[in-house]
Amino acid sequence: MAKNLVIVESPAKAKTIEGFLGKDFIVKSSYGHVRDLKKKGLSVDVANNFAPEYEISADKKKVIQELKDLVKKADLVWLATDEDREGEAISWHLEEALNLKNKETRRIVFHEITKNAINKAIENPRKVDYRLVDAQQARRVLDRLVGFEISPILWKKVKPSLSAGRVQSVTVRLIVERERDIQEFNQEVSYRVTAVFNVNGKAFKAELSKRYNTVEEARAYVQACVDAGFEVEELEVKPAKKTPAAPFTTSTLQQEASRKLGYSVARTMSVAQKLYEEGKITYMRTDSLNLSQTAIEAAVAEITSSFGAQYSKPRTFTNKSKGAQEAHEAIRPVDMSQKSVTGDSAEQRLYDLIWKRTLASQMADAELEKTRVKIKANGKSDLLQKAHFNARGEVIKFDGFLKVYFEGTDDDIAEPEEEGGLLPSMKVGDNLVRDNIVATQRFSNHPPRYSEAALVKKLEELGIGRPSTYAPTISTVQKRGYVVKEDREGHARQYHVITLDNKGLSEKDMTENTGAERSKLFPTDIGIVVTDFLVLNFERILSYDFTASVEKKFDDIAEGLLQWTDMLKDFYKGFHENVEATLEHSDRASGERELGMDPKSGKPIIARIGRFGPMVQIGSPDDEDKPKFASLRKDQSITNITLEEALDLFKLPRKVGEYEGAEISAAAGRFGPYLRHKSAFYSIREADGDDPLSIEIDRAIELIEAKRKADRERLIKEFSENPEMQLLNGRWGPYLKVGKENYKLPKGTEAENLTYEQCLKIAQDAPAKSAGGRGRAAVKSTSTAKPAAKKTSSTAKKSPSKKKSAKAPGKASKPGLKK
DNA sequence: CAGTGAGCGAGCTTCCGCTTGACTT
């Protein structure tokens, strides 16, 4: 019987450590936090010194029960949660939840999962550090106060179900402000002059030291070059070196995977999770740049045997970001000698990236030789003396870490510099042959919109959020409808080019595509209105340094310099007054904008945020006639919709024609434009060039027939025994549908061969639905702001059983299933 | 899923950070 129970946070870690510790130890996982503030209500007794009301989280009841049983049997309990604020708090919550007061309990910490580190930790136990726990409580309670006092103001003043928080609101602000910068951006136009010169039969590129603002100036310069001669005026050769980047943290891994592999931050994290669980990489939620000594030694061995000793240079990196808590190692391969892994291609590619980055971080600098050549133009025109050409060359003398890895950059729209590789050899005074000189019209770029990964980088710089929350935060602001991730098509732009070559001087206009964006973050109308409202009324909390300033206080609490309740008292006084004042005095925020007058009724038309999102409205409730309403389309915004576009929205629904003796109408609903025919709905996709305002009867019939055909093809098999039961082809392959419920087919089954009895069994064996659970189901129910009373009887019947199953985990009834 | 937007108004929504699976049409 194991005498020792060790509790860590992650099950994968538990497994590894158990291997190190031997048979007297059993190692279990808490799966993160086990207790939290009660889900419902504020659950902080403000009047009673901010006493928090904790409960065991619903999804942790089972874990706690299992741990309790093990505690009974153990002589000694080792709390081995992470060594940071949250980890310390988990240990304390475990003490409380498992009632360890009367048990011999020891707290141990380690930063790396190596046998050595574990053994050292076991030899140096301590007690739970309650000052650190208090710092966590302050953090937790402050976040609850901010979130649960501000969000209801938004429900009242903007729209129901919205949310605000220390992290998410500032995240949205970044995106809103970037969008404003872009809208206000003044594009500058200039002419950039480049040349190709030739020396001893070898060509190279150079760029003029100045740009011209007008086409006349550019033309005059190029003209002046017609009779000019060119010679090398200065030549400078300088050694330079490049240093490898530090090994990956969560944030840098997300950035590089985005740049090099095109993964979203969520994708990166889920692939990394798999690699971690398979024991291929170390923990993926970390802000530490540190590598264990064993890892560094393994890297040295790998580098020396693959490339030679001159490529090895062991390094340690120190963290620049202030909020870092460094409870883990940097993200690295567990086994440096394993160059690749099996698994799907995403796992292989991400592992490859991690392996190369880690290895490179322990390799020698790259040594370069940078050459700059200054070229002067000799000729009659004094324009020639006012500028010179520069040619830059870079030669790698020793590749060092570049042999395996080169860090990506975010400047995807920046003008590429004319930086060649090797320049031909030349010396001061050499005459150059001019192959061509080209003046090209260029346009300055607005600041780039954030990609997910660029936003994570910014958040980390500001010290906002933690490695475990970057990906969830980005998905929260999208789920709440504050931000959308979108591709935007570019548009064609003309630019002017003046060329001087061996055929003489010529000019032409060229076309380029510009402004295309892929997977970038845009604020929605609601995001903009909410941000403006919050910045106006909660300036302090929305400021970019709010988190940094409270973090300082948390540190003071952790060092015993400040009582956590005093810190909260200090914060809450002003904050709560602010909340009260805002509730009482602030105006409703709707982003309202008057577009003009309705030519029919003469009443004003306004665009604003309504209960269900952005909309336009003719007239006001005070008028004799009811006002008319119409929702904005997805691609429209309150900020720029025109009167004409608004009037178009009121033209729907519109009669398209008759088919099969019934009317077809076109309209726009919550899920976009659609056709309605015989109480059935058919989506209209604007991407296919269809528009509800202009679609004609023939095309409408075509869409209806296409949908009917697709529905027929979806059907794999029907059963005479039960017309409600169907095997269908869905987005994720074949599935079983019984009434309104869907069931996954067991792996490896061929849908068309299934019998009625087999299908019945699949439906009955399926685990009960965890109704009202987390994740997508919860998101759906919040975005569907629909009164339950209006629902059909079959869904109404379901809701009581839903509630039941949420409270008492067990088997929920399965409607539509007859035995 | 599908034209909602006052009126009378119950009861609901919401935070951040630590962990994994279960699940999706």
Side-chain angles (χ1 to χ4, degrees), chain A residues 8-13 29-34 36-37 39-42 57 59-60 63 81-82 84-87 89-90 93 136 139-155 159-169 273 277 285 465-469 472-473 476 480 608-613 615 617 620-622 626-631 652-653 665 667-676 679-683 714 728-735 737 742-744 766-767 769-770 773-777 780-790:
Chain A
V8 297
E9 290 180 38
S10 143
K13 200 168 168 178
S29 155
S30 76
Y31 292 83
H33 272 296
V34 292
D36 190 13
L37 291 176
K39 252 183 89 181
K40 289 272 159 71
L42 196 63
S57 316
D59 55 337
K60 296 298 162 51
V63 177
T81 53
D82 296 348
D84 57 17
R85 205 161 62 207
E86 299 297 328
I90 291 174
H93 281 304
Q136 194 273 346
R139 199 280 304 155
R140 181 65 191 93
V141 169
L142 180 127
D143 281 338
R144 174 58 69 88
L145 291 170
V146 168
F148 277 36
E149 292 209 4
I150 300 185
S151 297
I153 303 179
L154 295 179
W155 307 342
K159 194 173 104 75
S161 301
L162 294 175
S163 65
R166 174 177 57 83
V167 171
Q168 60 167 281
S169 296
Q273 176 86 31
E277 283 168 12
R285 290 185 274 263
R466 304 278 316 127
S468 67
T469 61
T473 298
T476 298
R480 295 270 173 275
R608 66 177 179 95
I609 304 267
R611 273 220 297 147
F612 303 108
M615 60 165 210
Q617 175 181 342
S620 80
D622 310 331
K626 277 186 182 180
K628 284 204 234 164
F629 304 99
S631 289
L652 295 175
S665 62
R670 276 204 294 134
F671 307 98
Y674 64 96
L675 292 170
R676 185 175 208 161
S679 76
F681 298 94
Y682 304 89
S683 289
R714 260 180 73 209
L728 299 169
N729 266 316
R731 194 145 56 109
W732 292 294
Y735 69 101
K737 181 182 164 85
N742 298 316
Y743 302 95
K744 205 156 89 177
K769 290 209 164 182
S770 66
R774 27 179 65 251
R776 296 167 96 122
K780 248 188 199 163
S781 68
T782 56
S783 67
T784 321
K786 216 180 156 192
K790 273 196 180 172

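Just so we're on the same page: letters track the sequence lines, and every chain starts at 1. These values consider heavy atoms only, across backbone and side chains, with no hydrogens, waters or symmetry-generated copies. Values in this document were obtained by computation on a predicted structure and should not be read as measured data.
- With B:dC18, B:dC15, B:dA2 as the candidates, the nucleotide lying closest to the side chain of A:Phe681 is B:dA2.
- Using a 4.0 Å heavy-atom criterion, one finds that A:Gln168 contacts the sugar-phosphate atoms exclusively.
- With sequence neighbours excluded, the residues satisfying side chain to side chain contact (heavy atoms under 4.5 Å, CB included) with A:Ala668 are A:Leu652.
- Closest to the side chain of A:Phe148, out of B:dC15, B:dG3, B:dT19, is B:dC15.
- Within 4.0 Å (heavy atoms only), A:Lys159 reaches no atom of the nucleic acid at all.
- Nearest to the side-chain atoms of A:His33 among the listed nucleotides B:dG17, B:dA2, B:dC15 stands B:dG17.
- Residues meeting the ring-ring contact (aromatic ring centres under 6.0 Å, His included) test with A:Tyr674, sequence neighbours left out: A:Phe681.
- Using a 4.0 Å cut-off, no side-chain N or O of A:Arg85 falls inside it from OP1 or OP2 of B:dG17.
- Contacts of A:Arg144 with the nucleic acid, taken as non-hydrogen atoms under 4.0 Å apart, include base atoms.
- A:Ala164 comes within 4.0 angstrom of sugar-phosphate atoms only, judged by non-hydrogen atoms across all strands, and of no base.
- Residues passing the side chain to side chain contact (heavy atoms under 4.5 Å, CB included) test with A:Thr81, sequence neighbours excluded: A:Glu9, A:Ile90, A:Ser91, A:Leu94, A:Arg107.
- Nearest to the side-chain atoms of A:Phe612 among the listed nucleotides B:dC18, B:dT4, B:dT14 stands B:dT4.
- Out of B:dG3, B:dC18, B:dT13, the shortest distance to the side chain of A:Pro160 is found at B:dT13.
- Here A:Ser631 lies in heavy-atom contact (under 4.0 Å) with a base.
- A:Arg166 comes within 4.0 angstrom of the backbone, heavy atoms only, and of no base.
- Under the salt bridge (charged side-chain N to carboxylate O under 4.0 Å, His left out) criterion, A:Arg285 pairs with no residue at all, not counting sequence neighbours.
- Comparing B:dA2, B:dC18, B:dG3 by their nearest atom to the side chain of A:Arg676 picks out B:dG3.
- Across all strands, A:Gly87 comes closer than 4.0 Å to no nucleic acid atom at all (heavy-atom distances).
- Helical stems involving DNA chain B, defined as 3 or more consecutive Watson-Crick or G-U pairs under 3.5 Å, do not occur.
- Distances shown here put every side-chain N or O of A:Ser30 at or beyond 4.0 Å from the OP1 or OP2 atom of B:dC18.
- Looking at heavy-atom distances under 4.0 Å, A:Val146 makes no contact with the nucleic acid at all.
- With distances taken from any side-chain atom of A:Arg611 to the nucleotides B:dC15, B:dG5, B:dG17, the minimum falls on B:dG5.
- Considering only the side chain of A:Glu86, B:dC18 comes nearest among B:dC18, B:dC15, B:dT20.
- Contact between the side-chain N/O atoms of A:Gln617 and the OP1/OP2 oxygens of B:dG5 is not found at any separation under 4.0 Å.
- Residue A:Ser163 is in sugar-phosphate contact alone, with no base atom involved, counting any heavy-atom pair closer than 4.0 Å across all strands shown.
- Every residue two or more places apart in sequence or in another chain was checked for a salt bridge (charged side-chain N to carboxylate O under 4.0 Å, His left out) with A:Asp84, and none qualifies.
- Out of B:dG3, B:dC15, B:dA6, the shortest distance to the side chain of A:Pro653 is found at B:dG3.
- Backbone-only contact: A:Gly165 has heavy atoms under 4.0 Å from sugar-phosphate atoms and none from a base.
- Within 4.0 Å (heavy atoms only), A:Pro472 reaches no atom of the nucleic acid at all.
- Residue A:Leu162 is in sugar-phosphate contact alone, with no base atom involved, counting any heavy-atom pair closer than 4.0 Å across all strands shown.
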